[in-house]
A.B. asks: 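What follows is a structure written as structure tokens; I'll ask about it next.
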Protein chains: 2
Amino acid sequence: MAKYVYHFGGGKAEGKAEMRNLLGGKGANIAEMTNLGIPVPPGFTISTEVCTYFMEHDGAYPGGLEDEVKSNLRKIEKIMGSRFGDRDNPLLVSVRSGARLSMPGMMDTVLNLGLNDNTIDGLITRTDNPRFAYDSYRRFIHMYASVVMDVEHHLFEEQIQARKEKAGVKLDNELSIDDLKKLIADYKEVVKREKGAPFPEDPEEQLWGAIGAVFRSWNGNRAVVYRRIHNIPNHWGTAVNVQCMVFGNMGDNSATGVAFTRDPATGEPRFFGEFLPNAQGEDVVAGIRTPLPIDKDDTNPLADQSLEATMPEIYRELEGIYKNLEKHYREMQDIEFTIQDGKLWMLQTRSGKRTARAAIRIAVDMVREGLIDKKEAIRRVEPDQLETLLHPMIDPAINAKPFAKGLPASPGAASGNVTFSVEDAVRRVSGGEKVVLVRLETSPEDVEGMKAAEAIVTARGGMTSHAAVVARGMGKCCVAGCSAIRVNYEKQTFEVDDKTFRAGDAITVDGSTGSVYEGSLPTVDPVLDDDYHEFMSWADEQRRLRVRANADTPEDAATAVKFGAEGIGLARTEHMFFKEDRIPVVREMIMAKTRDERVEALKKIQPMQREDFLGVFRAMDGRPVTIRLLDPPLHEFLPKDEDEIRGTAKDLGRSVDDVRAAISALHEFNPMLGHRGCRLGITYPEIYEVQVEAILEAAVIAKREGIDVQPEIMVPLVGIKQELEQLREMIKRVGDGVLEREGVDVPYLIGTMIEVPRAAVVADQIAEVADFFSFGTNDLTQMTYGFSRDDSGKFLNDYVSKGVMPRDPFESLDWDGVGGLVSIARAKGRETNPKLKVGVCGEHGGDPKSIEFFNREGLDYVSCSPYRVPVARLAAAQASLG
Amino acid sequence: MAKYVYHFGGGKAEGKAEMRNLLGGKGANIAEMTNLGIPVPPGFTISTEVCTYFMEHDGAYPGGLEDEVKSNLRKIEKIMGSRFGDRDNPLLVSVRSGARLSMPGMMDTVLNLGLNDNTIDGLITRTDNPRFAYDSYRRFIHMYASVVMDVEHHLFEEQIQARKEKAGVKLDNELSIDDLKKLIADYKEVVKREKGAPFPEDPEEQLWGAIGAVFRSWNGNRAVVYRRIHNIPNHWGTAVNVQCMVFGNMGDNSATGVAFTRDPATGEPRFFGEFLPNAQGEDVVAGIRTPLPIDKDDTNPLADQSLEATMPEIYRELEGIYKNLEKHYREMQDIEFTIQDGKLWMLQTRSGKRTARAAIRIAVDMVREGLIDKKEAIRRVEPDQLETLLHPMIDPAINAKPFAKGLPASPGAASGNVTFSVEDAVRRVSGGEKVVLVRLETSPEDVEGMKAAEAIVTARGGMTSHAAVVARGMGKCCVAGCSAIRVNYEKQTFEVDDKTFRAGDAITVDGSTGSVYEGSLPTVDPVLDDDYHEFMSWADEQRRLRVRANADTPEDAATAVKFGAEGIGLARTEHMFFKEDRIPVVREMIMAKTRDERVEALKKIQPMQREDFLGVFRAMDGRPVTIRLLDPPLHEFLPKDEDEIRGTAKDLGRSVDDVRAAISALHEFNPMLGHRGCRLGITYPEIYEVQVEAILEAAVIAKREGIDVQPEIMVPLVGIKQELEQLREMIKRVGDGVLEREGVDVPYLIGTMIEVPRAAVVADQIAEVADFFSFGTNDLTQMTYGFSRDDSGKFLNDYVSKGVMPRDPFESLDWDGVGGLVSIARAKGRETNPKLKVGVCGEHGGDPKSIEFFNREGLDYVSCSPYRVPVARLAAAQASLG
């Protein structure tokens, strides 16, 4: 006969950790603890096979299940010495779901099952706490009726509201015991009215009702959407765990607590936790009473009330258990326990959440302790977390409340005075102030202001908005999409609720959490300690993918090298164009009426670009530097507002109408799909020629200084072989011309970005004239989906919440679609050019889940913003480990 | 020993038509004519192998070539009785290129070679025309010196200019014989000064110079770019044809003429041509003298001066030749001949250009005559030409000069009074006027005005601009991108040069040629005769691809059926939204603040849409109708100018600020990649629900009327399986709901457009929830290339002229890139859903070259604008024939 129910308790369990598919994660884990000899409240798990049967047979159970449940219930009673439905010593149970993968909050739970008008007396006697008992009963009726019987939630809310009004109180916990008793009667009345039958008093009936409800909740709306989003198959089903309730509030001999087996903030190997005597689990979390320390740390003023001091035996038992658990799981554990009437019960153990600093310390310590090997250590640290190590944070001792929250667009924390424009920012900074740039949104024209600022706040835009991307590149903290603030440029203010902030007011920005605070809060600087360096060296040994950085300036390049970058994968030449002393010359070039006029203007730009490149080459000595030729459409460089238009006209000695005509002539309906990238290079070859000349002249100077210079010239937005073929001829002609003229040999590569879907489809043709491909996955994502990054915010949230897509494809690479094109391009490219170097320079180059894909696809390197380099190094190592 | 030179002349040739690779097209064709016994001026062809040798050996010739050329020259002399370099009877030759494929004008030619200060006397004597002889000599020096000796062209222009000033004349042909003699001396002086050596007098030296120049011109700039564009391999090389010159101006016994073997305008089987006695070929073309008819047609007042009347023997010889040629080539021929001193020489024969009407008549006649079979007949008509048959044209008897030219965006001709706005257009038309809508460019808001107008002219935009696409769909003639006109909406005028046209002025538009004329010109209506219908029935027998039409209204649908459409492949629901009586309700819907408000507005739209669909179903009885759910971004429906904004606010009882806020909230940076297509359906399911309900309700009514209704509901812009999966569920729920409620069964399909690159990459996933795919190749091209159709005009011309791409990918499908995705999508889609129906509904569905691709890819149907349906039918038949 088939077995459907698995017992645990009394020191032994029929299941174990490996039986996760059959018992669900929770059931398997409880069984494992039980078998380790750890005291766990006894209970049983009904297997996922029953769920499958239940779904396929319209809510019927397989034969024999009822008997199995009954006999397992008897086992619990025997272990606990209590009885289901007993008035004196009633057994109460919880009924919980438990799927193969955790689906937190998606399915139903019933607690305190077994309570009725009889057993309530036993609970009162055993807890000596009638208020708690009646409140538990009330909650049980409410929970059971809505979860199992489908009585609408709000009907109970209305009753409690009415009862509070009658009693003249505002809060639930101000109701008297008598009020609670009346409320229980009210609740039962609601059930009777709605369902035409009384609330079930029979504990067995309650139990089967709850089991069925949990199975049904597998196909509830929330659960179905969750599974769709996370690609969890419907046929897996959930298990049901029925477990004895234990109470930490049965007197001074009872308690409840939570603990970590190591310090979750620092990673220090010490037992760290809190408990409350005579309390329930919620009380510890709720923070109404001050929890007491677990161990007798002399520095703690509450040391003499610690568990170690007050219940030394229990403390020693707990110490033994936590050491056992950590050794067994070879991982820092987050445990929950309850002491009921002098007996310790373990309710949960799981991997503990920790800061990045603690994660590294624990991983390194555990290797030293022989618990895990280096590979396992690498797996233990969440790459995304690493970035928090590299930035300042608000002093954890400070307890401030943010006045607004937005997206944590670029991590770190900083304070400064509010400013709304580039000019004001620069003026204030040159006067010695620190500033925070607050904008509706930013554009390339704001880059100088962003550089001057300590932090950036925008009212609009998402995680991949201009502000977010540029701030991450600069390592500045940024909160984007902070929609609570209403910016008024004219008045030079922003408002939140009814508070007004003016230019010059101090605020503090926490880009790691998305919070914005009033005033200047103290921050703590990051320290990269020896553990960090040792840990990262292990990661570097494991990884196959090279990691480069996207950096446009010598300063960014130096930061990138400090964080371990092995080259520059993307140096954007246009960021250099926006510098204040250059933009007039760039505008002169754009507004040139003839090729000759344009060449004149370009001649002024050339030496500036040469200096830029030279600085970057010096910083990257011995490492490859990929320089992308001009990419954005020219209209991005033209002035936007009236003042600027007049200023530009004056600077260039042209009429205002002339400037307006140029702006209008360059206007585009869809600039993302417009006249940009190599299309500029084909139409105005002179622009690219000047850039190539500047690159090679800088390389010659660097080489003469003894620097090992490795330029890689990258042509953006190629979609047609002939584009790259013609530009390659031009680059060779100009580049080799410089080297011959100077009599210096500098080998250099010529390649292209793959960011237009067509380039991927015809990659075999393009690879014939390319030394390297670099995937520009931002643009490739935009064009593959047909999503404009600037506009898709309007519906992408909807898409994620409705389960159309699991996550924003601009944050993490879409493996099937965009990834499919990456895969096609890599394969076709290497087909005609086996030596082709292939990398990634889009934002995804710093995203761990995307790096996993790039590693699998056999790419040579990823490139990301300097502050993501350590993240990418670790993610690449984890990807290598598989 | 290798053979490099191939003789022709005197009734026999060493080459033949099949030797095109070795002798080039021209050489092979001359040889063929010679072998047919047709009198061709003798000469010889130097093979393409010599060109290859020449290129590989730095301009050297293979051994033995010189002797071969010499002995072939002797053969010509013998046939002609003249001698190369002879003072009395000099042999003059032409030296021409001739590649495997025609590369018109790309390589060099030298005429009258053999002239020098000696042989000029012979030419004078023989032609009795010293002016002609000296002019020929002058031209020869100019041509030879610039082509062979690289003397700059403008130096000769300067000389002739100076000589004319000295003589006090304005035109070249006003120079006296004496002036010409002096000019010859001037030219020789230029050559001596520039090259440091005299102009070569030795005919042999001249000959070898010319041969080398032609070979070198294979690698000239123009030829290289041409080959790059047309994918012609460099190694093919060109042949060189050296042929005896003959002259039609040697007296009254000489003449020159051109003729067609059938009437090129009507296809009537009669010999049709013109000649001029005592004249050169250029004279016929130049139109200075009035040419005489060839045959003695009694209706012609010049019949007694015809060739038939004046040189009856030559006429009979010519008659024999043309019949022979037509029989041999089984094709209507365009021939050139010269009569020198009573002897007939054939200079050229090639397939004659003809009108569409003539093409069909000739093809059908030739089948009847047993010259060709039906398959060959199908191949003989250019599909693109067919469209001209379907539209009115300007009366060919009228000889008017257009005041402006633009792109021939939609064929046909029509007259009307100028109007600049929808309102004015509608007002004038309701007052009985015919109007031509003149706009800078059009947008969906102008559709009503376009409908009211006879024709459309825009100052901006290309062949695939909104105006062009919509006009073609409506079958209205349209000239787009007519940049010579300067439109001023405020003054209600447009200007061309210094002429001003006002609203109400009559103009005539010829959309087949792109010309715009002043006043109302008479037009001729199209007639589809029996030959046309018979010919099209042959095409229909051959084709595998089904042909549908893109049509949004019952009228368009009826036109489509008339032209042979087998269904509707794309009915755009948004065009219905723009109707004047609907747009206010649509705006009410868009500006709704809550879902309920939106549903209210949609309820008003529903019956209107139902009526639209019903009309289309009635027109398409028995044929499938694919209806696309709402596609454009909502902001397209909002007002743009101030007046309209105020009007909308008033209509909706909202504040002007409210309307402005809605416009600003919906503004997008890249609308092409924005919130549109199925993204609207996901965010606002109620919009699609109403459309689906209207479709199925219309289907029910139609079915009850006894109509065979076959609806196919198409979801636009799908890129993710879940998009279609969720919308499919909705469509089934609403659609089946209607059918159940009405108790009527109408089978319907649910499918999607493939227009986002991602959809192609994950087509296997999407096909699991689709009954059909329809490629939206317009958008697919935009996103695959990253080209915005609205913006790419700025650089696409440059791209084509620089050889980056062979042609505009919006006009003809890009086989490699966009086609590559089509191929991937078709294969992947059929993999998971073998019954998947696959078609095309983008503009490419009416382009023959694209249809060839779609046929090869095994698609089921193409869909195009109604007036392209016959084109598509014929192109599909030709594609089937391969």
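Proteins come first, then strands; the chains are lettered A, B, ... in the order of their sequence lines, and each starts at number 1.
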A.B. asks: Could you tell me the separation between the OG atom of A/S792 and the NE2 atom of B/H675, rounded to the nearest 0.5 Å?
C.D. replies: 10.5 Å
A.B. asks: I'd like to know which of B/L717, B/V762, B/I720 tops the heavy-atom pair count under 4.5 Å against chain A.
C.D. replies: B/I720
A.B. asks: Could you tell me whether the side chain of B/Q726 and the main chain of A/K802 form a donor-acceptor pair under 3.5 Å?
C.D. replies: yes
A.B. asks: Rounded to the nearest 0.5 Å, how far does OG1 of A/T683 lie from CG of B/N797?
C.D. replies: 11.0 Å
A.B. asks: Using a 3.5 Å distance criterion without hydrogens, assess whether the side chain of A/D790 forms a donor-acceptor pair with backbone atoms of B/F669.
C.D. replies: no
A.B. asks: Using non-hydrogen atoms and a 4.5 Å limit, figure out which bit of B/L680 sits close to chain A: side chain, backbone, both or neither.
C.D. replies: neither
A.B. asks: Non-hydrogen atoms of chain A under 4.5 Å away: do they reach the side chain of B/D816, the backbone, both or neither?
C.D. replies: both
A.B. asks: Below 4.5 Å from any heavy atom of chain A, which atoms of B/A760 appear? Answer side chain, backbone, both or neither.
C.D. replies: neither
A.B. asks: Counting only non-hydrogen atoms closer than 4.5 Å, does B/Q765 touch chain A with its backbone (N, CA, C, O), its side chain (CB onward), both, or neither?
C.D. replies: side chain
A.B. asks: Just give me the residue among B/G820, B/P671, B/G677 that pairs up with chain A most often, heavy atom to heavy atom, under 4.5 Å.
C.D. replies: B/P671
A.B. asks: Atom CG in A/L666, atom CG in B/D791: separation rounded to 0.5 Å?
C.D. replies: 11.0 Å
A.B. asks: Find out whether B/F787 and A/V756 are in side-chain contact, i.e. whether some heavy atom of one side chain is under 4.5 Å from a heavy atom of the other.
C.D. replies: no
A.B. asks: Using a 4.5 Å cut-off on heavy atoms from C-beta on, say whether the side chain of B/R758 contacts that of A/D814.
C.D. replies: yes
A.B. asks: Please rank B/G786, B/G719, B/G674, B/A759 by heavy-atom pairs under 4.5 Å with chain A and give me the top one.
C.D. replies: B/G786
A.B. asks: Shorter than 4.5 Å, heavy atoms on both sides: which option in B/D798, B/V818, B/D779 has the most such pairs with chain A?
C.D. replies: B/D798
A.B. asks: What's the spacing between A/Q782 CD and B/M783 CE if we round to 0.5 Å?
C.D. replies: 11.5 Å
A.B. asks: Looking at A/E668 and B/N670, would you say the former's side chain and the latter's main chain have a donor-acceptor pair under 3.5 Å?
C.D. replies: no
A.B. asks: What part of B/M672 lies closer than 4.5 angstrom to a heavy atom of chain A: side chain, backbone, both or neither?
C.D. replies: both
A.B. asks: Side chains of A/Y799 and B/Q722: do they bring a donor and an acceptor to under 3.5 Å?
C.D. replies: no
A.B. asks: Surrounding CG of B/N221 (heavy atoms of other residues, nucleotides or ligands, distance under 6.0 Å), is the total greater than 12?
C.D. replies: no
A.B. asks: Just so I understand: if I count every heavy-atom pair under 4.5 Å between each of B/L821, B/I824, B/T784, B/V761 and chain A, which residue has the most?
C.D. replies: B/T784
A.B. asks: Hey, are the side chains of B/V804 and A/I682 touching, using non-hydrogen atoms and a 4.5 Å cut-off?
C.D. replies: yes
